[in-house]
Amino acid sequence: QASNPLFKRVLKEVLLSIQSGKSLAESFRAQEEVFDDITLNLIEAGEESGNLEAILSKLAVELEDKNALSSKIKSAMIYPAIILVVIIAVIILMMFVLVPSMAEIYKDFDAELPFATRFLMSMSEFFVAYWWAILIVLLVLVVGIKYYLDTPKGKRNFDKLILRVPVVGGIISKMQLSQFTRVLSLLLGSGLPIIKAIELTAQSLSNEMFRDTLMEARDEVEKGGPLAIPIARSEYYPLLVSSMIAVGGETGEMDTVLAKVSEYYKDEVDTATSNLSAVLEPLFLIIMGLAIGFIAMAVYMPMFQLSSAIG
């Protein structure tokens, strides 16, 4: 019933593999370029424990929550992104069309033009004359930044920097915490060993700071230490998380406790993304108003001065 042709082909190959005598886990692992490690390990754990149906139901809920969160963030950013594009388009139109046409008119004026008008005309002349150079510089910058971010050092520095950005950093932190608690709860509840569960959870996190903390925690747990202590030492994981992990470790209900923490951070992310949209929309409108207002003032100020002089 899969609508995607590629996915339909993959499922047919899995079916043929099972019919040939291989286990479900082995058949899916043959398609590891399609399915991530979390999915493959959950299928294996479910098959070994006999709880495959329950584990796959939990996995379906996890994927639905992940996609819902991603869609919510994209939706929150659509309107601000449209406003930003409009701002750029209006400024480009004014600099390449309106300002040059007004500059031709002002050439016939003997009076000295205001500083704002002269500054705007100089900018417009530069953009019109060297637009190709500006595009080349922008292209080089984009390619250079992308290349740097693709390196381990660049990715790590960016992940560390983005967490310090007001509002955005808080949202990313809450998203990582929600992902961490949700995935670890799912893996532990499915019967995976805690070392393997921590490792897979770390791989699912996109931010290097959160991922590195978990990998360090895995090493300590492997030596016999509790998970809560290395988590508590990290500046990126709040006290709430380490405290709840400690409670879960003492009660033996780590997966249940983490599921509750995950719900808390899921609600926090929902609220934060709604607030982000509410903050960015008026901010971009103010920026657009200031930019267009400055251009309009610089363009029409000489006319007002001329009218006053004639009057």
Side-chain angles (χ1 to χ4, degrees), residues 25 28 35-73 171-207 209-222 225-234 236-273:
F28 271 96
F35 301 98
D36 59 27
D37 286 340
I38 291 177
T39 300
L40 296 174
N41 278 275
L42 285 174
I43 291 173
E44 185 175 355
E47 192 172 29
E48 291 176 357
S49 64
N51 295 323
L52 183 60
E53 183 178 354
I55 289 176
L56 288 180
S57 296
K58 292 180 181 179
L59 178 60
V61 172
E62 150 65 15
L63 294 175
E64 288 173 359
D65 288 344
K66 185 177 179 180
N67 289 334
L69 178 60
S70 177
S71 299
K72 187 166 291 186
I73 293 174
I171 292 177
I172 292 175
S173 294
K174 290 171 182 176
M175 287 176 60
Q176 293 296 290
L177 292 169
S178 176
Q179 174 83 354
F180 158 63
T181 51
R182 188 175 67 247
V183 173
L184 187 56
S185 170
L186 173 63
L187 294 174
L188 292 176
S190 301
L192 264 71
I194 188 168
I195 303 297
K196 186 66 175 177
I198 294 173
E199 185 177 338
L200 290 172
T201 302
Q203 292 173 9
S204 74
L205 300 179
S206 59
N207 190 280
M209 302 298 103
F210 286 87
R211 186 185 301 170
D212 288 350
T213 299
L214 269 192
M215 295 307 289
E216 293 170 5
R218 180 206 61 180
D219 295 339
E220 292 201 25
V221 172
E222 203 168 18
L227 175 60
I229 292 179
I231 295 296
R233 285 201 304 263
S234 172
Y236 303 106
Y237 289 80
L239 183 60
L240 169 66
V241 175
S242 59
S243 299
M244 295 303 288
I245 289 175
V247 171
E250 291 174 0
T251 60
E253 297 182 349
M254 181 86 76
D255 58 323
T256 304
V257 171
L258 286 173
K260 293 179 180 178
V261 178
S262 175
E263 285 298 317
Y264 167 76
Y265 279 109
K266 178 185 175 184
D267 293 339
E268 286 286 298
V269 171
D270 290 344
T271 303
T273 51

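Residue numbers count from 1 along this sequence.
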Closest approach of Thr201 and Ala197, non-hydrogen atoms and distance?
OG1-O, 2.7 Å
Distance, nearest 0.5 Å, that separates NZ of Lys196 from CZ of Arg218
9.5 Å
Closest approach of Gln176 and Leu205, non-hydrogen atoms and distance?
OE1-CB, 3.4 Å
Looking at Phe180 versus Tyr265, is the centre-to-centre ring distance below 6.0 Å?
no
Among Ile43, Thr39, Leu42, Val61, exactly one meets side chain to side chain contact (heavy atoms under 4.5 Å, CB included) together with Leu56. Which residue is that?
Ile43
If you look only at distance, which donor and acceptor atoms sit under 3.5 Å apart when one is on a side chain in residues 251-264 and the other is two or more places apart or in another chain?
| from | atom 1 | to | atom 2 | distance (Å) |
| --- | --- | --- | --- | --- |
| Thr251 | OG1 | Val247 | O | 3.0 |
| Thr251 | OG1 | Gly248 | O | 3.4 |
| Thr251 | OG1 | Glu253 | N | 3.4 |

Do any N or O atoms from the side chain of Thr273 and from the backbone of Asp270 form a donor-acceptor pair under 3.5 angstrom?
yes
Between Ile231 and Leu227, is any pair of side-chain heavy atoms under 4.5 Å apart?
yes
Shortest non-hydrogen contact from Ala45 toward Leu192
CB-CD1, 3.2 Å
Between the NZ atom in Lys174 and the CG atom in Asp267, the distance rounded to the nearest 0.5 Å is 11.0 Å
For Pro230 and Thr213 the tightest heavy-atom approach is O-CG2, 4.2 Å
Leu177 and Pro238 have their tightest heavy-atom pair at CD1-CD, 3.6 Å
Let's go through Asn67 and Glu64 carefully: what are the C-alpha distance in whole Å and the side-chain angles of both, what is the deciding distance for side chain to side chain contact (heavy atoms under 4.5 Å, CB included) to 0.1 Å, and is it a yes or a no?
CA-CA 5 Å; Asn67 289 334; Glu64 288 173 359; 6.0 Å; no
So CG of Leu184 and CD of Gln179: to nearest 0.5 Å the spacing works out to 11.0 Å
Side-chain contact, heavy-atom cut-off 4.5 Å: Arg182 with Leu186?
no
Report yes if the side chains of Pro226 and Ile229 come closer than 4.5 Å at any heavy-atom pair, otherwise no.
yes
List the residues meeting ring-ring contact (aromatic ring centres under 6.0 Å, His included) with Tyr236, not counting sequence neighbours, and say none if there are none.
Phe210
Could you pull out the closest heavy-atom pair between Val221 and Ile194, with the gap in Å?
CG1-CG2, 4.0 Å
